[in-house]
Amino acid sequence: MTQHSSNSKKRSRRNMLFISAIFVFSAFSTYAVYQNHQAVDVTAPTSQVLIQGKDSEQLAKLVTDLGGKVTHQLDVINAVGAELTQQQINALSQSSLVRRIQANGVATLDSVTGCGVTGDHILKIDQDHISWSLFNMGSEPITLSQIDFNWPESYGQLTSITFGDLLYEELDEAEMPSGSLLQTSEQMLSTALARQIPSDGQVNLQLNFVNNEPLYNIAEQSDFQLIAGFAEGCETKLVTGYDGLDNSVENSYYTHPIDADQVHSEGNTGAGVTVAVIDSGIWSANSGLGQNTQLESRILATYDAIQDLEGSALDENGHGSHIASMIASSLESTAEGAFTGAYHGVAPDADLVIVKAFDVEGKATYLDVIRAIQFVIDHKDEHNIRVLNLSFSAPASSYYWNDPINQAVMQAWQAGIFVVAAAGNNGPEAMTIGVPGNVPYVMTVGAVSDNYTPDDISDDFLASFSSAGPTYEAFVKPEAVAPGGHMLGIVDPITALSQQFPQYQLGNHLMVSGSSQAAGVTSGIAALLLSADPTLTPDTVKCRLMASSAIAVDENDEPVYSVFQQGAGYMNAKRALESTAQDCANIGIDVVADLNDEEHYQGPAYEESPGVFRIDGNNDDTIVWDSGNAWHVGNAWHVGNAWHVGNAWHVGNAWHVGNAWHVGNAWHVGNAWHVGNAWHVGNAWHVGNVHQASHQEESKKLVSGSNWVPQQ
């Protein structure tokens, strides 16, 4: 190894992150030698595997010659998917044409944890009472044991409490509280059995008032603070909610904090740009999804990668429709019934190509996801696909360049498609960025909540679930953050997601939180940029989105969050369109060399001490392997003036577009990032026998379609 650096101490600290995992590369890149070929028993049970080599046609012939079945032709990464017996796998692994064989893994939706109780997103306000629906999503009954309730005294006195059909607490005039009530199980008159919510059941908690004016004339959801506690050890809290007569679907809200509503009013709605969405499909019959603002059909192509069927992408899960809604819903935003000039989606006139790779349960396989990406690349020119949205995540179990999904994603980037990936919902711990968000070239996005105040971004905060970097290869991720908390999007009420979470369904819309939604918002902003200037390359789009983002700072202009949490900061559509930044993203890394296995890259992050991560500001500090697989510390996180865009967007000491890449003590993440042995890769990267399609291996290749994060 040749080392080009004058700072050996800093270099050795940075190298800690990958030294213990170098053996993985050899396991994935060594070609097997064809040895003793034996007769194959084709009646034995089969497993579905991914086989990769130099030529997919040759691999397909090998499979068929052995009596196996080719299920996926994945030319994009020189691979095939196949159904093979273990004996066939063993025989195939001996061929010099085979680089790797790995199991085709599956993932399921995250389940509700704890006792599984949640409250409705919407508080119903009537003339003399408020009503809040409580949902038990668990498999066992739960028992209401405490009510903590606060309200403005001017709204009147509380007279009684109703739980379901039971009036279990009626207060005499002397006991009627004004403004505050705390009741425990000992104070409640009804029996525990009467206060139960059955498994998979719903009960309304109603609080009745005596007042002089109807509550619906004077009250907003944000006026009430209400917490329901349960004997099983959990509680649920009424969310603040947006002010409004019905608190429903008048506005999508998230376009305002990023100034996309201003961009719409100025005439840019993303026309002329096609965004491909690989997800669970789309509810194309809904006009907000299927048509643009001129009521013209805008879904240019659909493809079911599960069935390998063009012209079909029915969304049975709901997640795909929701993400498409973030990107391009053409529904008009209104205020008191009048059109505001803005739309629900970020790019409401963008065209869509919808590729279904996730089933009704939100499950997907590596093979289907790669086939979906291949469809997008193959039809890029035909449909003018400029943006690809990937709102899913899989755990990283190899270097970024060795993961088959990542290889397909890099092919898309190399083909000129701007790729947006969700950071994941495994935060706030460090090193939780998954596949394909760990690809250094793509735009990886974390999630921000607007705190139910879309007109004031100074109180917005990083969502607790948002995954954080650095990656195992020391790259800083996510690149930036975007709205991703309690996002209102179009979802068919009959889909699995809506049925699973009815408390968040508002007619044809669903409230969902996640970095998936933040990725959808970012894809919409990218469409606006490309609509304004179709000549922009993916690198330049990424550069301008990052250069125009605002980091969260405190009153002393010190970052509130680590760079590994917020990246360049909070994205803004209007500032991105005004940006003229060039050559400030993906500097020093080459996707073509990466794909050709000529060079692979290391980022500038290092662990200074246990739990404290920093980024290296010396852009000349480069480590090279002369053996043909070079490690380069790229200049993607250039510290100079390229990122300094002045103080014009200094907003209340909260989100500040300044020198976002200051690498001094500002990025000392302290005790918040104690991750133990996370950087000592150990078993987390253990490949085992790559030629065995075992259950253990399947667990390492999970693709998560919809990590549900309620009410953030």
Side-chain angles (χ1 to χ4, degrees), residues 121-122 242 244 246-256 258 260-261 263-265 268-277 279-302 313-335 337-356 387 389 391 454 483-484 486-495 497-498 504-512 516-525 527-528 531 573 706:
H121 195 85
I122 302 300
Y242 293 109
D246 58 0
N247 197 30
S248 59
V249 295
E250 185 177 26
N251 198 317
S252 65
Y253 299 106
Y254 54 82
T255 58
H256 182 71
I258 61 170
D261 53 352
V263 176
H264 297 167
S265 298
N268 186 342
T269 53
V273 177
T274 301
V275 181
V277 183
D279 214 290
S280 62
I282 195 170
W283 185 19
S284 59
N286 186 286
S287 61
L289 297 177
Q291 298 176 327
N292 61 22
T293 64
Q294 304 303 309
L295 302 182
E296 300 165 336
S297 177
R298 48 94 169 274
I299 300 179
L300 304 185
T302 56
L314 176 65
D315 188 5
E316 301 167 285
N317 176 267
H319 188 264
S321 296
H322 201 272
I323 299 305
S325 185
M326 303 293 102
I327 299 168
S329 172
S330 61
L331 297 182
E332 295 180 347
S333 291
T334 59
F339 178 44
T340 65
Y343 298 87
H344 282 211
V346 178
D349 278 323
D351 291 324
L352 297 173
V353 167
I354 303 298
V355 184
K356 178 177 180 177
V387 182
N389 188 90
S391 288
H486 51 84
M487 307 289 280
L488 185 69
I490 299 170
V491 175
D492 191 340
I494 68 171
T495 56
L497 202 59
S498 295
Y504 302 120
Q505 189 76 34
L506 287 76
N508 290 337
H509 287 72
L510 190 70
M511 282 281 188
V512 175
S516 289
Q517 283 61 39
V521 169
T522 305
S523 291
I525 301 176
L528 296 177
S531 180
S706 176

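Model, not experiment: these values are computed from the prediction.
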Item to complete: Keeping the roles fixed (side chain from T522, backbone from A518), state whether a donor-acceptor pair exists under 3.5 Å.
Response: yes
Discussion item. With a 4.5 Å cut-off on side-chain heavy atoms, are N389 and M326 touching?
Written reply: no
Fill in: Any side-chain heavy-atom pair of V277 and I282 under 4.5 Å
no
Fill in: Least distance between heavy atoms, G290 atom then I299 atom
CA-CD1, 3.9 Å
Item to complete: Determine the minimum heavy-atom distance between S498 and V491, stating which atoms define it.
Response: OG-CG1, 3.1 Å
Item to complete: Answer yes or no: is there a side-chain heavy-atom contact under 4.5 Å between V263 and D261?
Response: no
Worksheet item: Roughly how far, to the nearest 0.5 Å, is CG of N292 from CG of D351?
Response: 7.0 Å
Discussion item. Between H322 and L510, is there a side-chain heavy-atom distance shorter than 4.5 Å?
Written reply: yes
Worksheet item: Given M487, which of V521, I323, V512 fulfils the side-chain contact (heavy atoms from CB on, under 4.5 Å) condition?
Response: V521
Worksheet item: Is the shortest heavy-atom distance from the side chain of H256 to the side chain of T340 under 4.5 Å?
Response: no
Worksheet, complete the sentence: For N251 and L488 the tightest heavy-atom approach is O-CD2, 3.6 Å
Worksheet entry | Heavy-atom donor-acceptor pair, R298 side chain to A350 backbone, under 3.5 Å | yes
Worksheet item: What distance separates Q291 CD from S284 OG, expressed to the nearest 0.5 Å?
Response: 10.5 Å
Discussion item. Any non-hydrogen side-chain atom of N508 less than 4.5 Å from a side-chain atom of P493?
Written reply: yes
Worksheet entry | Between D349 and T293, a side-chain donor and acceptor under 3.5 Å | yes
Worksheet item: Does Q517 reach the main-chain N or O of A519 with its side chain, forming a donor-acceptor pair under 3.5 Å?
Response: no
Worksheet item: Distance from T302 atom OG1 to K356 atom NZ, nearest 0.5 Å?
Response: 10.5 Å
Discussion item. Distance check, rounded to the nearest 0.5 Å: L289 atom CG versus H344 atom NE2?
Written reply: 11.5 Å
Worksheet item: Going from OG on S330 to CD on E296, what distance comes out if it is rounded to the nearest 0.5 angstrom?
Response: 10.5 Å
Discussion item. Is it true that T495 and N317 share a donor-acceptor pair across their side chains at a distance under 3.5 Å?
Written reply: no
Discussion item. Tell me if a side-chain donor or acceptor on S325 pairs with a main-chain N or O of I490 at a distance below 3.5 Å.
Written reply: yes
Worksheet item: Can you tell me if H319 uses its side chain to pair, donor with acceptor, with the backbone of S280 under 3.5 Å?
Response: no
Discussion item. On a heavy-atom basis, which atom in A347 and which in H264 lie closest, and how many Å separate them?
Written reply: N-NE2, 4.5 Å
Fill in: D315 side chain vs S321 backbone, donor-acceptor pair below 3.5 Å
yes
Practice prompt. Mind listing the closest non-hydrogen atom pair of Y343 and S329 along with its distance?
Written response: CB-O, 4.1 Å
Discussion item. To check you understand the geometry: which heavy-atom pair defines the closest contact between L528 and G270, and what is its length?
Written reply: CD2-N, 3.5 Å
Worksheet item: Where does the angle between the aromatic ring planes of Y242 and Y253 fall among parallel (under 30°), tilted (30 to 60°) and perpendicular (over 60°)?
Response: parallel
Discussion item. Would you say that D492 contacts N286 through its side chain, given a criterion of any heavy-atom pair below 4.5 Å between the two side chains?
Written reply: no
